[in-house]
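Since the structure is predicted, the reported quantities are computational estimates derived from the model, not experimental observations.
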Amino acid sequence: MKAETIIIQRPERQSTTQRAAFATVTVFAWLFWAFLWLPLLTLGAWAFGLRNAWLQLHVLNPIGDGGDINIILLVAVLCAAVFSSWSGYNHARFAGKQKRRGNKPVDVAQTAAAIGATTRDALKMQGMRRTVVSVTRDGYMTVEDAR
């Protein structure tokens, strides 16, 4: 069996169940890969003093009556409400609308005038795959070679 045969060349031909299964396997593989990095992240956190900050703020001086944690939870809920409402507003405003308007077509004469070339040269450049262009001392473009 060649290696190319196990690679999916046309994923649009897969069924929805197959795509969902492959997506689930991919998510679990990425989570496992992230899990493998946890010891290194712990070492980095310890090196930067996060462990000491956690000890000082949580272990040695725990929150007694829960007042501080209530404020933190209230702020978290407010942030979630603000971002959810902003997301809903943007969804209501932009959902189903075309993202960009199309450009107005520009004719060859306008293009030639914009680049400082003659209409004949602009038509020649437009019809060829590759064009060698030079600029005169006056700043006008001329076509040297077109293929």
inquiry  = Ring centres under 6.0 Å, that's the criterion: do Tyr89 and Trp86 meet it?
reply    = yes
query = Can you name the nearest heavy-atom pair linking Ala122 to Val108, along with the distance?
reply = CB-CG1, 3.7 Å
inquiry  = Let me confirm one number: the CG-CZ distance from Leu43 to Phe48, rounded to the nearest 0.5 Å.
reply    = 9.5 Å
message = Holding to side-chain hydrogen bond (donor to acceptor under 3.5 Å, both in side chains), I want the full list of residues that pass it with Thr118, two or more places apart in sequence or in another chain.
response = Asp121
request  = Nearest 0.5 Å please: distance from the CE atom of Met125 over to the CZ atom of Arg130.
outcome  = 15.5 Å
query = Is Ser85 reaching over with its side chain to a backbone N or O of Ala81, donor-acceptor style, under 3.5 angstrom?
reply = yes
Only distances under 3.5 Å count here; give the side-chain donor-acceptor pairs of residues 16-39 to other protein atoms, sequence neighbours excluded, each with its distance to 0.1 Å.
{"unit_1": "Gln18", "atom_1": "OE1", "unit_2": "Ser15", "atom_2": "N", "d": "3.2"}
{"unit_1": "Thr24", "atom_1": "OG1", "unit_2": "Ala20", "atom_2": "O", "d": "2.8"}
{"unit_1": "Thr26", "atom_1": "OG1", "unit_2": "Phe22", "atom_2": "O", "d": "2.7"}

key: Ser134: partners by side-chain hydrogen bond (donor to acceptor under 3.5 Å, both in side chains), with sequence neighbours left out   = Thr142, Glu144
